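Lettering of chains follows the sequences in order, A, B, ..., and the numbering in each one begins at 1. The basis for the numbers below is simple: all heavy atoms, side chains too, and nothing from hydrogens, waters or symmetry mates. Remember, it's a predicted structure, so these values are computed and weren't measured experimentally.
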2 protein chains.
Amino acid sequence: MAAEVIRVLVVDDHPVVRQGLRTFLDLWDDLEVVGEAADGAGCLAAADRLRPDVILLDLRMPGTDGVHALHGLRAAGNPARVLVITSFAEPSVIVPAVRAGAAGYVYKDVDPAALAAAVRSVHAGHVLLHPSVARLLAEGEARPGAAALTAREREVLTEVARGNSNREIAKTLLLSEKTVKAHMTAILGKLGLHDRTQAALYAVRTGLVSPAGW
Amino acid sequence: MAAEVIRVLVVDDHPVVRQGLRTFLDLWDDLEVVGEAADGAGCLAAADRLRPDVILLDLRMPGTDGVHALHGLRAAGNPARVLVITSFAEPSVIVPAVRAGAAGYVYKDVDPAALAAAVRSVHAGHVLLHPSVARLLAEGEARPGAAALTAREREVLTEVARGNSNREIAKTLLLSEKTVKAHMTAILGKLGLHDRTQAALYAVRTGLVSPAGW
DNA sequence: CAAACCCGGGGTCCTAGGACCAAAGTCCGA
DNA sequence: TCGGACTTTGGTCCTAGGACCCCGGGTTTG
């Protein structure tokens, strides 16, 4: 028994998904699931306690999300390699995660063999990137993404993505409508979008607002 | 060994989710996963071949979706009880499924014990509904939902939910802008919404358009 | 046959939205 | 201290969007 066992921590808010991932990984003798967590905070605690080699991390979770967890891992100097599990094809979701230290990502429709290969690959020190994501990283972001937004802009965008008008947002955030419009102009400029509808859709696609949010 | 075994078919487009559900159900001796399918068409074929007692069905899948599969099961006179697995809280997604014959639904964050209980319950002939869904069924739909839209209206809404302006939609669908506006007015009226942004969000939430559609 | 529905398209009109100009105050890092 | 970023708000102006009126043709159903 000379084969090294890769210790894996599974982080996803859905128990079904965690179980599916665990079962997939249990198919291989060289992979061992040493723990699970349901959000970013649980991830940090479990990573500290269990010292996994690889963390499978969903980005979009309630409470502390995946990107924040990545920052936390980095700040704690945790050496675990992080493989992001995502439903989202949008590079601008993934680029911030990669910038925050993720070693790669796989989509949720991954099959067991591909998942195992990805885990082994990041454990071996590789970085797994789709060409479109690699290009974005190389060029800097062609479309900066939500990371370029200020906190206030993000608040306004969140309200837009809840279907509210500028007037309603002004009331909610205790601003003048002029201010909301100014933020909106900034948001559209930064994201390279044409109107609020595109902005709302973008917010949903990138996980800023959940589709079931209202 | 007098206990009856409930035969279950698992239908979801994500292998990870299917595996998670299978593993959950395997925890109980009275539940047996007899097959899997990745979309509505696969569901119909498997249901016909395997004759499950209960089908766990995701509504939102590429190709033939869950509601269409429900219609197909009914048309085929298949007696299997259908338990919908959904990420969506929105009753207007679920009501059409229940109307199409689903015996109930559980959310994707369900734990193993609750899932098993739900399977047994629908197998025993019960209908599992949250009060808000039951009320909608009793009253008829307060908000008719996408089912009230004509085919053309649905096409226009799909384009709106892709972030296109009326002018762009007119070009795409070879219409005058006036006609697009007329459809838009009809859509907003039928869905009880105020503007296109809400309509786009609604389309995403109800699965008419996938968040990753553009 | 009439009614209902769907489709397409015309008109008028108003306002929400956004482009683009300006300004002031606060905070923080070099 | 100064400059940049952020936040807030004002102005002007134009147009996309949508409410609400109208019409005609085709199809289906009672």
(message) Which residues in residues 166-174 of chain B have a heavy atom closer than 4.0 Å to any atom of DNA chain D?
(response) N166(B), R167(B)

Result block: side-chain N/O donor-acceptor pairs under 3.5 angstrom for residues 75-82 of chain A, not counting sequence neighbours:
residue, atom, partner, partner atom, Å
N78(A), OD1, A80(A), N, 3.0
N78(A), ND2, A47(A), O, 3.2
R81(A), NE, V122(A), O, 2.8
R81(A), NH2, G125(A), O, 3.1
R81(A), NH2, H126(A), O, 2.8

(message) Quick check on the helix from dC1(C)-dG30(D) to dA30(C)-dT1(D): what's the angle between its two end axes, five base pairs per end, to the nearest 10°?
(response) 40°

(request) Tell me, please, which residues at least two apart from R18(A) pass salt bridge (charged side-chain N to carboxylate O under 4.0 Å, His left out). (result) E36(A)

(message) Please list all pairs meeting salt bridge (charged side-chain N to carboxylate O under 4.0 Å, His left out) that have one or both residues in residues 151-161 of chain A, counting only residues at least two apart or in different chains.
(response) R152(A)-E155(A), E153(A)-K190(A), E159(A)-R162(A)

(request) Could you tell me which residues satisfy salt bridge (charged side-chain N to carboxylate O under 4.0 Å, His left out) with E177(B), sequence neighbours excluded, listed by chain and number? (result) R167(B)

(request) Report the residues that fulfil salt bridge (charged side-chain N to carboxylate O under 4.0 Å, His left out) with D48(B), sequence neighbours left out, ordered by chain and then residue number. (result) R51(B)

(request) Of all the heavy-atom pairs spanning C43(B) and L57(B), show the shortest one and how long it is. (result) SG-CD1, 4.2 Å

(message) For a quick test of reading the model, state the closest non-hydrogen atom pair linking A102(A) to V84(A) and the distance between them.
(response) CB-CG2, 3.7 Å

(request) Using side-chain contact (heavy atoms from CB on, under 4.5 Å) as the criterion, point out the one residue from V34(A), L21(A), V54(A), V17(A) that pairs with V10(A). (result) L21(A)

(message) Any residue in residues 176-187 of chain A with a heavy atom nearer than 4.0 angstrom to DNA chain D? Just list them by number, or reply none.
(response) S176(A), K178(A), T179(A), A182(A), H183(A)

(request) Tell me, please, which residues at least two apart from R49(B) pass salt bridge (charged side-chain N to carboxylate O under 4.0 Å, His left out). (result) none

(message) Test of understanding: with side-chain contact (heavy atoms from CB on, under 4.5 Å), list the residues that count as partners of L188(A), not counting sequence neighbours.
(response) M184(A), L193(A), A199(A)

(message) For A200(A) versus T197(B), what's the shortest heavy-atom pair and its separation?
(response) CB-CG2, 3.7 Å

(message) Please check: side-chain N/O of D13(B) versus main-chain N/O of A38(B), any donor-acceptor pairing under 3.5 Å?
(response) no

(message) Can you give me the closest heavy-atom contact between A37(A) and L9(A), atom names plus distance?
(response) N-CD1, 4.5 Å

(request) Tell me, please, the opening and closing nucleotides of DNA chain C, 5' to 3', among those with an atom under 4.0 angstrom from a non-hydrogen atom of chain A. (result) dA16(C) to dA19(C)

Distances under 3.5 Å between protein N/O atoms and the N/O atoms of nucleotides 28-30 of chain D, please, pair by pair.
none

(request) Over all heavy atoms of both residues, which pair between V119(A) and L56(A) is shortest? Give the atoms and the distance, please. (result) CG2-CD2, 4.0 Å

(request) Mind listing the closest non-hydrogen atom pair of V110(B) and A114(B) along with its distance? (result) CG2-CB, 3.6 Å

